[in-house]
Amino acid sequence: FADMGAEVIKIEPPLGDPMRDLGPRSPTGNPVFYGALNAGKSLLRLDLKSDEGRTRIQKLLAGADILIEGFRPGVMARLGLAYETLAAINPRIVVASINGVGPDGPYANRRVYDAVIQAVTGLADLQSVDTGAPTMINTLVADKVTAMTAAQAITAALFAASRTGAGQQVAISMIDASLFFLWPDSMSRHGLVGDGVELAPYASHAALLRRTRDGHVAVMPVKIGEWEGAFRALGLPNLFQDERFSTGAARLGNAALFQQVLSGAYATFTTDEICARLEAEDVPWARINTRDQVIDDPQIRAMGALVEYEHPRAGLVRQPRPPGQFQSTPATLHRPSPDLGEHTDEVLRELGLDESSIVALRKDGVVA
């Protein structure tokens, strides 16, 4: 939202967001992980547990379009910030409540982070098809999928508010977002219910990564023509004309042999050789980048997908550009990530407080 031009004010407690302590730091001490998460935002350092703090946040929300909160169920009500209270102050406000599992069920009061959701939803089980054991995906996939789901849901609620004049509360759980993300392919075995349902085996993506004579390449033919192009690139006959592989059922029954033939063919070529041959046959392929190689990938460079800018405290910073490229209202980085308490006075002045009032709030520990 900040990248697309919205004024986003992040509320942090007096001691700050614990995310500031994670990951590497610049030579000047600025946390890179926190910086990537919070670029574009203003920061108000405020004690929501104090009566004065709640008064200030309510005044701020009286003119806001959106409030996003990530507490466990019941916390906002205990803070005096339940949706009904906020709607009475601002009928158009959209309140997005994001948490792990929602307000009901045996897990509702647990602390929930990404690994818990990977475990519950089957994300951690995905690799067991190949490895025989669950494996955590090496990125905070449930967190990120939930954030993207929330952005879409909030935008839809804002659109509804523009039509009706009324806001609403939108609840997004990490379980819902992750199940929705998984379902079309990775959970299709469970899409039909009842007696006589065919339980197909779980699919493996291992065959999409092929070992060459000196490395690896990703190859993903889907259409018949792409498969036939792959066979030609590999110097193989059209395997779909072989009765052992001529139908989907036959390929499933002889899957091990089919993969053995393909793997043997890939292993006869160097990575450069097979990439050139796949390109000539218009087969979907890519080299396997290490994370160190990603920043120099020629396509990523040509797109300008990674941008660099001078952070006033951290120095030169690199991060992805906003993924939505708007023709008339381009998205961009409007301000770097904030230091703890950097914009407190600025935000309070926008609320109409004078300097003596701000000093008094700081003295009382309401703001920092």
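Numbers here simply count residues along the sequence, with the first being 1.
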Taking atom types as modelled, is there a side-chain donor on Ser97 or Gln169 under 3.5 Å from an acceptor on the other? yes
Got a sec: does the CD1 of Ile288 have more than 12 other heavy atoms crowding it under 6.0 Å? yes
From Ile358 CD1 over to Asp345 CG, what is the distance, rounded to the nearest 0.5 angstrom? 4.5 Å
May I ask you to say whether Arg20 pairs ionically with Asp17, meaning some side-chain N is under 4.0 Å from a carboxylate O? no
After noting the C-alpha distance and the side-chain angles of Ser173 and Val101, does the key distance pass the side chain to side chain contact (heavy atoms under 4.5 Å, CB included) rule? CA-CA 5 Å; Ser173 77; Val101 302; 5.6 Å; no
Are Val145 and Ile117 connected in the hydrophobic side-chain network, where two residues link if heavy atoms are under 4.5 Å apart? no
Out of curiosity, Asn289 CG to Asp296 CG, how far, rounded to the nearest 0.5 Å? 9.0 Å
What closest approach, in Å, do Ile300 and Val294 show between heavy atoms, and which atom pair accounts for it? CD1-O, 3.4 Å
Would you say the side chains of Asp354 and Ser357 form a donor-acceptor pair under 3.5 Å? yes
Between the main-chain N or O of Val222 and the side-chain N or O of Glu226, is there a donor-acceptor pair closer than 3.5 Å? yes
Closest non-hydrogen contact found for Val129 with Ser204 is CG1-CB, 3.7 Å
Determine, using the 4.5 Å side-chain heavy-atom cutoff (strictly less than), whether Tyr202 and Leu123 are members of one ILVMFWY cluster. no
Stepwise salt bridge (Lys or Arg N to Asp or Glu O under 4.0 Å) test for Arg56 and Glu52: CA-CA 6 Å; Arg56 295 304 161 194; Glu52 188 64 29; 2.7 Å; yes
Examine Leu257 and Leu262 and state if one hydrophobic cluster contains both, with Ile, Leu, Val, Met, Phe, Trp and Tyr joined whenever side-chain heavy atoms are less than 4.5 Å apart. yes
Taking the side chain as every heavy atom from C-beta outward, state whether Ile68 and Val8 have any pair of such atoms under 4.5 Å apart. no
Go through Phe181 and Val141 one step at a time and tell me if the side chain to side chain contact (heavy atoms under 4.5 Å, CB included) criterion holds. CA-CA 10 Å; Phe181 177 76; Val141 60; 4.3 Å; yes
Return yes when atom CZ of Arg349 has more than 12 non-hydrogen atoms of other residues, nucleotides or ligands closer than 6.0 Å, and no otherwise. yes
Can you tell if the side chain of Met76 reaches within under 4.5 Å of the side chain of Thr85, non-hydrogen atoms only? no
Decide whether Leu252 and Ile224 are clustered together by the hydrophobic rule: side chain heavy atoms of Ile, Leu, Val, Met, Phe, Trp, Tyr closer than 4.5 Å, transitively. no
Testing the basics here: between Gly167 and Val94, what is the closest heavy-atom pair and its distance to 0.1 Å? CA-CG2, 4.4 Å
Return the orientation label for the Phe240 and Phe231 ring planes: parallel under 30°, perpendicular over 60°, tilted otherwise. perpendicular
Report, as yes or no, whether the 6.0 Å neighbourhood of atom CE on Met220 holds more than 12 heavy atoms from other residues, nucleotides or ligands. no
For residues Ala142 and Ser178, report the shortest heavy-atom separation together with the two atoms involved. CB-OG, 3.6 Å
Any non-hydrogen side-chain atom of Lys10 less than 4.5 Å from a side-chain atom of Leu37? no
Can you tell me if Asn109 has over 12 outside heavy atoms packed within less than 6.0 Å of its CG? no
Does the side chain of Arg321 come within less than 4.5 Å of Met303's, by heavy atoms? yes
Separation between CZ of Phe1 and CG of Leu158, rounded to the nearest 0.5 Å: 6.5 Å
With a cut-off of 6.0 Å (strictly less than), are more than 12 heavy atoms of other residues, nucleotides or ligands near CD of Glu310? yes
Output, in order, the C-alpha distance, side-chain angles, deciding distance and verdict of side chain to side chain contact (heavy atoms under 4.5 Å, CB included) for Leu60 and Leu44. CA-CA 11 Å; Leu60 182 63; Leu44 175 60; 4.3 Å; yes
Given Ile175 and Thr121, is the side chain to side chain contact (heavy atoms under 4.5 Å, CB included) satisfied, shown in steps? CA-CA 7 Å; Ile175 279 188; Thr121 61; 4.3 Å; yes
Using side-chain heavy atoms (C-beta onward) and a distance below 4.5 Å, is Glu342 in contact with Arg45? no
Quiz question: by atom type and distance under 3.5 Å, do the side chains of Asp214 and Thr271 form a donor-acceptor pair? yes
Does a side chain donor of either Gln259 or Arg251 reach within less than 3.5 Å of an acceptor in the other side chain? no
Closest non-hydrogen atom pair between Leu140 and Asp114, with its separation: C-OD2, 3.1 Å
Going by heavy atoms in the side chains, are Asp272 and Arg287 under 4.5 Å from each other? yes
Sidechain-backbone polar pair: Asp3 side chain, Pro322 backbone, donor-acceptor under 3.5 Å: no
Does any donor atom in the side chain of Gln168 or Tyr83 lie under 3.5 Å from an acceptor atom in the other side chain? no
Is it the case that one hydrophobic cluster holds both Val367 and Leu43, taking links as side-chain heavy atoms less than 4.5 Å apart, direct or via other members? no
To the nearest 0.5 Å, atom CD1 of Ile154 lies from atom CD of Gln152 at 10.0 Å
Check: Phe258 ring centroid to Trp227 ring centroid under 6.0 Å: yes
Assess whether atom CG of Asp130 is packed by more than 12 heavy atoms of other residues, nucleotides or ligands within 6.0 Å. yes
Donor-acceptor contact present, side-chain Arg213 to main-chain Ala267, <3.5 Å: no
So do Leu22 and Tyr34 actually touch side chain to side chain, heavy atoms under 4.5 Å? no
Heavy atoms of Ala153 and Val170 approach each other most closely as CB-CG1, 3.9 Å
Check whether any side-chain N or O of Thr268 sits under 3.5 Å from a backbone N or O of Ala265 as a donor-acceptor pair, and report yes or no. yes
Looking at Asp185, I want to see if its CG is surrounded by more than 12 non-hydrogen atoms of other residues, nucleotides or ligands under 6.0 Å. yes
Do Tyr309 and Gln319 come within less than 4.5 Å of each other through their side chains, counting heavy atoms only? yes
Checking the side chain of Arg54 only, and the main-chain atoms of Lys49 only, is there a donor and an acceptor separated by less than 3.5 Å? yes
Quick one: pull up CG in Leu79 and CD in Glu69 and give me the separation to the nearest 0.5 Å. 9.0 Å
Check: Asp176 side chain, Ile172 main-chain N or O, donor-acceptor pair, under 3.5 Å: no
Could you tell me the separation between the CZ atom of Phe71 and the CD1 atom of Ile98, rounded to the nearest 0.5 Å? 12.0 Å
Taking Asn38 for its side chain and Ser337 for its backbone only, find out whether a donor-acceptor pair lies under 3.5 Å. no
